Amino acid sequence: MSKCGRSLPAPAARAAKRQFVAEAVKDNLIGVHALVWCGGWSKEEILKAANGSREAGFDLIEIPVFQPEVMDAGLTKAILSDNGLKASASLGLSLDADISSDDSDCVSRGKQKLISALNFTQRAGGTVLCGPIYSAIAKYPGPPTAQGRKNCVLALREVAQRASDVGVTLGLEVINRYETNVLNTASQAMEFLADLNASGVTVHLDTYHMNIEENSMEQAVRTCASALGYVHVGESHRGYLGTGSVDFQGLFHTLAAVEYDGPITFESFSSSVVSPDLSNNLCVWRNLWQESSDLAVHARKYIDAAWTAAKLTNVHK
Ligand code: MN
């Protein structure tokens, strides 16, 4: 009871807290990666992804933009709008178009790829372009060279300026050592952002990768809390949430504690839905699930329960 003796009776106070939490949970866009639904981006595939995402209760679809030149941004925007969905976009580069390369032609090709992806994102109505946009998704034979890292910073600074001009935020996804040699930890991402010195660039964390590289979910989130702009939730095997070894409780409780208000997007891959460009890069060799809808509905409920529990715990502190 407060000093003036006019605090709400306990049931009313609990109801008020629950209302607060319900509102707070609504503040975060909850997204789903398009590869849960489809491997390409034809009209039929966009419709399938949009319908499925809406029916499962998601707010946002993350679109992999590996081939921005053949993807229809206008159609994407129209279909997502019809379904009340927002868009984000993501990609990783390839070894022949890699801004962390020593080779200036290779860097130029990577920069051009990022500009194309950025243009698609903006025309499709997206406000975030994320993923490992600073290197190829590949197992590198050694650490980045000093020249390669410098090329990466300079190229991204230019892309960041362009992104800022068109109102798109960039997210640098921290991924594991077998898929990049540039950013494997939240701490490295913060150092990189300091070198980049550009506005509109955030850190993008992913539980699948954090589970491999970080000391804990809590430490990683707290390390980059001031710059955290996007979060992927994925299991240790990239299948159904809650059936692997990822510490989702640690993740959500820390996100609540630092009052993270950005998108939280479910990412999962199975050989039952295959994108030729992405699946091989991500080593998707086996079936983790068969039914997109069942997986997506389960993920949406799992995120809601975990996030609500974390917010409630935070309110009670
Ligand atoms: Mn990810």
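Basis for what follows: all heavy atoms, side chains included, without hydrogens, waters or symmetry-related copies. Predicted model only: the values in this text are computed from it and were never measured. Just so you know, residue 1 is the first one in the sequence shown, and it goes up from there. Whatever order the structure lists them in is the order used to number ligands and atoms, beginning at 1.
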Check your understanding: So, His232 and the Mn ion (ligand 1): N/O/S under 2.8 Å, yes or no?
Key -> yes
Which atom name would you report as the N, O or S atom of [X] nearest the Mn ion (ligand 1)?
X	value
Asp206	OD2
Glu173	OE2
Glu267	OE1

*Evaluation steps, side-chain contact (heavy atoms from CB on, under 4.5 Å), between Glu235 and Phe248*: CA-CA 9 Å; Glu235 247 314 345; Phe248 285 112; 3.4 Å; yes
**Request:** For atom CD of Gln147, decide whether the heavy atoms of other residues, nucleotides or ligands shown that lie under 6.0 angstrom number more than 12.
**Result:** yes
Is there a path from Leu156 to Tyr140 through hydrophobic residues (I, L, V, M, F, W, Y) whose side chains come within less than 4.5 Å of each other?
-> no
Q) Does the ring of Tyr208 carry Arg238 above it, NZ/CZ under 6.0 angstrom from centre and within 45° of its axis? A) yes
